[in-house]
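Okay, so here's the structure we're looking at.
Convention: sequence-line order gives letters A, B, ...; per-chain numbering from 1.
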Amino acid sequence: MTSLRQGRFVAPIIGILWLLVIATTVAVAMSFATGAAFRPALAGSVLIGAGLGVAALAVGNVWALIGGGTVAAFLLTLAGFGAVQVGEGVGLGGILLASVLTGIGAGWPLHSMLDGHPVGDLTRHEFEEVVIRFLTGFGYVFFTAIVVIPFYVMVMTSLKSQQALLANPLDFTVDLGAGWDLFRSYRELFQDFHFGSYLWTSFYVSVLTVLITLLFSVPGAYAVARLRFTGRAAFSRSILLIYMVPMIVVALPIYIAYSVTGLRNTILGIVLIYPVTTIPVSLYMLQGYFRGLPSEVEDAGLMDGLSRLQVIWKITLPLSLPALASVSLYVFMIAWNEFLLAFMLLDDPSKFTLTRGVAMLNSSEVPRQHLMAGAVIATVPIMVLFLGLEKFMTRGLTAGSVKG
Amino acid sequence: MTAAVPPKGTGPLARREARLAWGLLFPTIFSVAAVIILPLMSIFWISFKPIELADLRPPAPVVRESLRGRPAAAGDMAEVEYRLRNSSQQEVISGVTLSDAWPPGVTLVGDLPEGCDLTGQKLFCDFGDIDPGFSDRFRVEVQVGQAFFDWGGDPEDSEPVVTGSAQNVLTNADFTLENFHRIFDGGEFWSVLGVTLAYTIFGTIGALVVGLFAAMLLNREFRGQGVLRGLYLFPYVAPVIAVAFTWVTLFDPTSGSANELFVRMGLTDTGINFFGQRPLALIMVILFEIWRYFPLSFLFILARLQSIDDDMYEAADMDGASPFQKFWYLSLPMLLGILSVLFLLRFIWTFNKFDDIFLLTGGSAGTRTLTVNVYEQAFAVSNIGAGAAVAVVIFGMLLLFSIFFFKFISREEGL
């Protein structure tokens, strides 16, 4: 083992593994970007990877590595041994671009992984450092790819036409000359499928859910956090228990009850039920926050003659605005994304929420790009909220335990 | 003078505080009881009922009235027709009565049907019991007088009122074990249970391991760390319906980009039906679960990692610990608490998961879990009772998990 832990063995192996990662990444990225055929190849990866790995030990200059990698990739591809092989119809420009990407993607990380390490024996620290850097690089590429690809496909598919999709499912190039016609699927969704009204329904249902949830859970959370009464411990436990009940088990009796009472197919029925699914989470999150507030401030308020309710309104709530924001966002997200209840309880297309509307598009009569356009419409608002208020959202997610 | 002793029992202040607390909690308790507890109890009731989807519309007598003969002038003859039917094909409706107000100027000429009676302009009929699937017409000959035309209204505006009562499957005392027989019958239940456990266990562990990896990646300061953290949360924040349909589109056997990519790369010749064949469909569904929920575990693990004191790592550096040793002997033990809590919670929630599988495969190709089975039985097979029986089984298993969970988590979280 010790004899194998030498720069001259470790560097080429790391180089080959990394080249395989990079070649796959470049091939997938180029395929998705141009729609032409690119594929990673073992022979080229081994050649370039081993070479660059050894070179990274000896050459300290990152530009030399990148340049060398690019030239090697380009020449080998032309010779038919490239790390990224191309199919027919890929011009010289495509090959050059792929080679440059391979060169940068291989040379720069390999430099930071291997630079400064000896050709001979590596210490345990040095060896593990190299492995960890390799894993880190792999991790960034891997996670970014698995997250970005589905969303990329979602957005791009929504801009294509049915024929173009069937002709070449890989071709996501967008014909910018089409102008506004690119967004034809969206226009048709809003014109013919009432997505404007679904968007509005989803919005006000979510906002109402947030308001009702806060109205119910703030007093409850305060009581659990601050007031002493018998059964407090049991209560704060059973909150958690409640939110382990699977929705589908509850949804069946609710469906029956709503069918009998005529609440099915009404927004009222939805607004009655959404908050109850979020109150336990919200109560649990808020009571944790309330406990962290200094009770002396509240005691001072009580001494000065405020009643408990006034204390909550005038002292506790203003102090817990950040927590309220987190909880509101989290609840909004749950209500916006909710699918099961909307699917079971709403059949009338004039009363759909957005998620129910998108579910309706999943039929063989509706083209794929409409479905994806619907998915984009459902995703964008929640993403904008998330990116704009990420700090609150992340805190909400963390505090909301692991509701899913 | 007596010695001061601390008060015993609850004083008036404590009582007032407790009253206020229950008052503040009341809205929550009430709504949760109405929407969660009550349905949970009713599911037990329903699971012993021979009830089908069609039974949700209770049997009722339906009547339609029409005036035939188009009377044009005073003295014309006409016919009032009542069409009575039983909306149910199975149930007898008993005590069926009909009452209707005739417009002015309409006088009876012929015979009234049996059981009917006319007082003034009010018609009242008692039909007794009507059989399942009953449908019949009753005609009454009438003469139309001048008063009718003076009145000028539409005689069909006044709806006849029918009453009648029938057995309602939901509330009668008819019980059966048929539902449980049906779901435990044959090997199906065990295969469903096996799929559920495979999905739950691999999905949970996968999401945890991948999340741990992601947390390790982001547990360092660098430019763009915030951006990457936000990006890696996308799968969880996006609506399940959007990402599930995206996966279906991406992995479509004929027009999916993934298949096209694999064909171009020479990995396969023809399209692979990712969501349509065993056992690939189950693997894909588990991968989706991991993909969608790794952000959550990563968020928690990252939060815990960042709260670990740096001093310890410095001490470990002094002692010459290597990077892997630091991970294995320092980070992992510190993370064990959050990892086990996450495992238990995620285990239960994955077990409860319905939307994901339902949207991806609809429970076909060997991906039917218990929760999907509830829906299948209740709505696809239209047997609500059997669906409820599956729900009862789920609930029982959850109760078992919860007992275990609380034994464990109370120690971990100090709840």
Side-chain angles (χ1 to χ4, degrees), chain A residues 31 37 39 124-125 128-129 132 136 139 143 146-147 150 153-154 157 165-166 169-170 216 219-220 222-223 227-229 237 241-242 244-246 248-250 252-254 256 259 273 276 279 283 308 337 339-340 355 358-359 362 368 371-372 375 378-379 382 386-387 390 397-398 401-402 404, chain B residues 17-18 20-21 24-25 27-28 31-32 35-36 39 42-43 56 213-214 217 230-232 234-235 237-243 245-246 249-250 255-257 260-261 264-266 291 293 296 299 303 322-324 342 345-346 348-349 352 354-355 371 374 378 387-388 391 394-395 398 402 415:
Chain A
S31 302
R39 66 188 176 92
R124 183 174 178 170
H125 281 231
E128 288 182 5
E129 194 61 39
I132 284 181
T136 311
F143 282 111
I146 61 168
V147 173
V153 168
M154 179 163 94
T157 309
L165 269 182
L166 286 175
L170 258 189
F216 279 48
Y222 185 85
L227 303 177
R228 279 169 307 233
F229 58 97
R237 266 181 192 210
L241 205 61
I242 285 290
M244 279 173 209
V245 175
I248 182 84
V249 170
V250 184
L252 191 57
I254 287 175
I256 296 174
S259 296
I273 202 156
V276 185
I279 286 173
L283 203 153
R308 273 285 180 187
N337 291 352
F339 164 71
L340 169 62
T355 49
V358 176
N362 183 32
R368 266 292 126 110
L371 179 65
M372 287 298 102
T379 310
I382 200 74
F386 169 67
L387 290 177
E390 197 205 322
L397 291 176
T398 327
S401 281
V402 248
Chain B
E17 192 167 315
L20 178 69
L24 292 176
L25 282 172
T28 302
S31 60
V32 166
V35 177
I36 310 276
S42 65
I43 201 96
L56 288 187
F213 186 24
L217 282 185
L231 183 73
Y232 291 175
F234 267 28
V237 177
V240 59
I241 186 153
V243 287
F245 283 149
T246 305
T249 308
L250 184 60
S255 67
S257 315
E260 186 68 16
L261 197 65
R264 298 273 171 104
M265 286 184 177
W291 179 79
Y293 293 101
L296 215 69
L299 206 59
S322 76
F324 280 140
L342 266 175
L345 283 173
R346 288 297 328 154
I348 290 178
W349 273 304
N352 289 348
F354 167 81
D355 311 18
T371 45
V374 174
I394 294 180
F395 189 69
L398 271 179
S402 303
L415 265 173

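What you find for B:A238 and A:I382 is that their closest heavy atoms are CA-CG2, 4.5 Å. Of all heavy-atom pairs between B:T246 and A:P150, the closest is CG2-O, 3.1 Å. Taking all atoms of both residues into account, the shortest heavy-atom contact from B:S31 to A:I279 is OG-CD1, 3.9 Å.
In terms of non-hydrogen atom pairs under 4.5 Å with chain A, the most contact-rich of B:L217, B:V35, B:I36, B:T28 is B:L217. Contact count versus chain A (heavy atoms, under 4.5 Å) is highest, among B:S322, B:A242, B:P39, for B:S322. Of the listed residues (B:P235, B:S257, B:P27), the greatest number of heavy-atom pairs within a distance under 4.5 Å of chain A belongs to B:S257. For the set B:G387, B:A391, B:A21, B:A388, the count of heavy-atom pairs under 4.5 angstrom toward chain A peaks at B:A21. Interface check for chain A: of the options B:D355, B:L250, B:I394, the most heavy-atom pairs under 4.5 Å are formed by B:D355. Contacts with chain B were tallied for A:I273, A:V153, A:L340, A:I254; A:L340 has the most, counting heavy-atom pairs under 4.5 Å. Heavy-atom pairs under 4.5 Å with chain B peak, among A:E128, A:R124, A:R368, A:M154, at A:E128. Ranked by heavy-atom pairs shorter than 4.5 Å toward chain A, the options B:S42, B:A378, B:G230 are led by B:G230. The residue among A:V250, A:L283, A:L252, A:T157 with the most heavy atom pairs within less than 4.5 Å of chain B is A:L252.
Atom CZ of A:F339 is separated from atom CD1 of B:I241 by 4.5 Å, given to the nearest 0.5 angstrom. Once rounded to the nearest 0.5 Å, the distance linking OG1 of B:T249 with CG of A:N362 reads 8.0 Å. Distance check, rounded to the nearest 0.5 Å: CD1 of A:I146 to CZ of B:F234 gives 14.0 Å. One finds the NE2 atom of A:H125 at 12.0 Å from the CZ atom of B:F324 (value rounded to the nearest 0.5 Å).
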**OP:** Show your working on side-chain contact (heavy atoms from CB on, under 4.5 Å) between B:E17 and A:F229 and close with a plain yes or no.
**Re:** CA-CA 7 Å; B:E17 192 167 315; A:F229 58 97; over 6 Å; no
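Panel note: side chain A:N337, backbone B:V240; no donor-acceptor pair is recorded below 3.5 Å.
Evaluation of the ring pair (Phe, Tyr, Trp, His ring centres under 6.0 Å) rule for B:F354 yields B:F358, B:Y375 as partners, not counting sequence neighbours. Shown here are the ring pair (Phe, Tyr, Trp, His ring centres under 6.0 Å) partners of B:Y232, two or more places apart in sequence or in another chain: A:F143.
Heavy atoms closer than 4.5 Å to chain A are found in both the backbone and the side chain of B:V32. At a 4.5 Å heavy-atom cutoff, the contact between B:L20 and chain A is made by backbone and side-chain atoms alike. Contacts between B:L398 and chain A at a heavy-atom distance below 4.5 Å involve the side chain alone, from C-beta outward. Only the side chain of A:L371 comes within contact range of chain B, judged by heavy atoms closer than 4.5 Å. Contacts of B:L261 with chain A are made by both backbone and side-chain atoms, with heavy-atom separations under 4.5 Å.
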